[in-house]
2 protein chains.
Amino acid sequence: MSTSPPVGLRERKREQTSQAIHIAAAELVLEHGLDAVTIDAISERADVSTRTFFNYFPSKEDAVLGIDEVAASAELDKPRDYAGDPFLAAFDLIHALFEASGAQRTKSELKRDVLRKYPHLMVRQMVRVAALEDRLSEIVARWLASDERFAAETEADRLEEARIILGVCLATVRMSMKKWASDTSQTGGPLSADPRTSYERSITTLRTVLEKLK
Amino acid sequence: MSTSPPVGLRERKREQTSQAIHIAAAELVLEHGLDAVTIDAISERADVSTRTFFNYFPSKEDAVLGIDEVAASAELDKPRDYAGDPFLAAFDLIHALFEASGAQRTKSELKRDVLRKYPHLMVRQMVRVAALEDRLSEIVARWLASDERFAAETEADRLEEARIILGVCLATVRMSMKKWASDTSQTGGPLSADPRTSYERSITTLRTVLEKLK
DNA sequence: CGCATAGTTGCACGTCGTGCAAGAATTAAT
DNA sequence: ATTAATTCTTGCACGACGTGCAACTATGCG
């Protein structure tokens with residue numbers, strides 16, 4: 001969102017190449033199927049060498065989804081504001097992680113089409129989040145620590161609570177993505193469809209279940 | 001657990017080979033590190049051809065963990081009893097999935113050592129479960145349908161509730177496994193450490209959080 | 001014993017992913 | 001403008017992964 005120098009040529013080119021590879025990958029997969037597409041083919045259409053492909057993405061699937069792991073990691077370091085509801089805040093955080101794919105905001109129809117055709121790629125997204133679980137629960141735990149309602153508890157308790165909260169959010173996000181993938185009319189990112197709504201539904205559901213079991 | 005014929009020689013040999021490969025894999029990984037071990041090396045120690053390795057496990061990691069996908073899938077088809085608590089039942093179900101590794105009950109120290117050394121393999125376990133999510137939530141939803149407290153709801157509502165319940169359970173299992181992996185004294189399977197205890201802790205935690213947010 | 005079935009093995013082939021070093025492009029400095 | 005430093009691209013070589021196929025071997029069964 002901000003760069004001291006006026007965005008050098010190098011940086012622009014890098015972004016451009018990354019985009020080209022991502023789009024080439026997604027298009028080819030939609031045309032010929034995930035397994036039929038090789039990294040050679042993607043590289044050829046994107047006009048880079050095979051070797052360069054691996055300078056941008058570690059695998060075919062990452063390229064297809066346009067995953068930018070460093071952007072995602074950077075997202076975690078950004079200060080995020082906590083408005084008093086850990087579920088909602090965690091939901092937003094996960095949302096941000098999913099969207100962390102460089103600058104491209106366009107072309108997300110491509111992404112959705114791919115995800116609809118190959119749902120197991122969604123699992124891959126979840127894995128990414130799961131891999132960051134330690135850092136995520138750390139962040140949530142810190143929110144709790146700053147919350148007067150939880151400040152009195154022990155560090156360990158808050159960590160445990162954080163993990164549970166994340167578990168619930170992940171389940172919610174998963175449902176949210178499934179709906180998004182099967183919806184044909186929606187625009188924007190996978191989760192842009194009003195996180196607040198999905199979130200509230202889930203929490204209500206959860207409360208209902210717990211209530212009935214009491 | 002049961003076979004009509006007196007367990008033919010073939011079946012025994014198969015189990016034996018599977019074990020040999022699994023153990024060879026785990027031992028080698030502990031000795032030389034995950035990346036340093038090749039499938040060739042595993043096959044050699046297990047006294048089978050490389051080609052045979054792939055007749056038993058689709059990948060190195062699966063061999064290291066001794067994952068038996070057909071056993072896991074079969075586990076889902078078994079009728080399971082539902083005693084009125086969907087969380088506990090779901091927890092047990094996931095537990096069964098993790099343990100679905102053929103017949104070997106011994107040698108689980110090996111598995112724990114490996115998991116302790118390479119925590120990302122735990123993520124892989126979670127992925128397996130996530131991949132089965134549709135079938136799992138179906139099962140949980142059916143439990144709810146048979147439960148008078150949930151019988152009045154719509155099918156769709158129960159499915160959503162099922163997914164949330166699973167999300168909570170997964171988060172709990174994850175914590176449970178982390179503890180198990182870092183505990184040096186425990187024996188038995190990864191989750192054998194009294195599922196009920198972990199479960200109750202989690203539910204209590206969850207109730208607490210929701211209570212404070214009310 | 002002899003047939004049917006299931007499991008093992010070697011071979012060939014294509015894909016994946018990485019280290020390395022030479023060369024080209026961008027940037028910064030003089 | 002020229003040069004020097006940095007970064008990026010590319011080709012090459014290499015090992016590992018994973019699968020289809022066909023020949024061979026072992027087990028099960030009548």
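Proteins come first, then strands; the chains are lettered A, B, ... in the order of their sequence lines, and each starts at number 1. The figures here come from the full heavy-atom set of this structure, side chains too, leaving out hydrogens, waters and symmetry mates. As the structure is a prediction and not an experimental result, all values here were calculated from the model.
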- Output yes when E31(A) and R45(A) qualify as a salt bridge under the 4.0 Å nitrogen-oxygen rule, no when they do not. yes
Quick one: side chain to side chain contact (heavy atoms under 4.5 Å, CB included) partners of [X], sequence neighbours excluded?
{"X": "D134(B)", "value": "K178(A), R163(B)"}
{"X": "S146(A)", "value": "Y82(A)"}
{"X": "A41(B)", "value": "L28(B), T38(B)"}

- If you find the nucleotide of DNA chain D closest to D40(B) and the one closest to K13(B), which residue's nucleotide is nearer the 5' end?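 Going by which nucleotide is closer to the 5' end, it is D40(B).
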- Query: So, is Y56(B) near the phosphate of dG7(C), with a side-chain N or O under 4.0 Å from OP1 or OP2?
  - Reply: no
Distance, rounded to the nearest Å, where [X] contributes [atom1] and [N] contributes [atom2]:
{"X": "Q16(B)", "N": "dT8(C)", "atom1": "CD", "atom2": "P", "answer": "11 Å"}
{"X": "D35(B)", "N": "dG17(C)", "atom1": "CG", "atom2": "P", "answer": "13 Å"}
{"X": "K60(B)", "N": "dC16(C)", "atom1": "NZ", "atom2": "P", "answer": "18 Å"}

- Query: Where does the chain B footprint on DNA chain D start and end, counting 5' to 3' with a 4.0 Å heavy-atom cut-off?
  - Reply: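 It runs dA16(D) to dG28(D).
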- Message: Just to be sure I understand the rule, does T52(B) reach a base, reach only the sugar-phosphate, or reach nothing, if contact means heavy atoms closer than 4.0 Å?
- Response: base
- Query: Contact class for T50(B) vs. all strands (heavy atom < 4.0 Å): base, sugar-phosphate, or nothing?
  - Reply: nothing
Select one nucleotide: of [options], the one nearest the side-chain heavy atoms of [X].
{"X": "R10(B)", "options": "dG17(C), dG10(C), dG7(C)", "value": "dG7(C)"}
{"X": "N55(B)", "options": "dT26(C), dT9(C), dT18(C)", "value": "dT9(C)"}
{"X": "R51(B)", "options": "dG7(C), dT9(C), dT18(C)", "value": "dT9(C)"}

- Task: Can you sort out the partners of D113(A) under side-chain hydrogen bond (donor to acceptor under 3.5 Å, both in side chains), two or more places apart, ordered by chain and number?
- Result: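 side-chain hydrogen bond (donor to acceptor under 3.5 Å, both in side chains) list for D113(A), sorted by chain: R116(A).
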- Message: Under the rule for salt bridge (Lys or Arg N to Asp or Glu O under 4.0 Å), what residues qualify as partners of R174(A), not counting sequence neighbours?
- Response: E133(B)
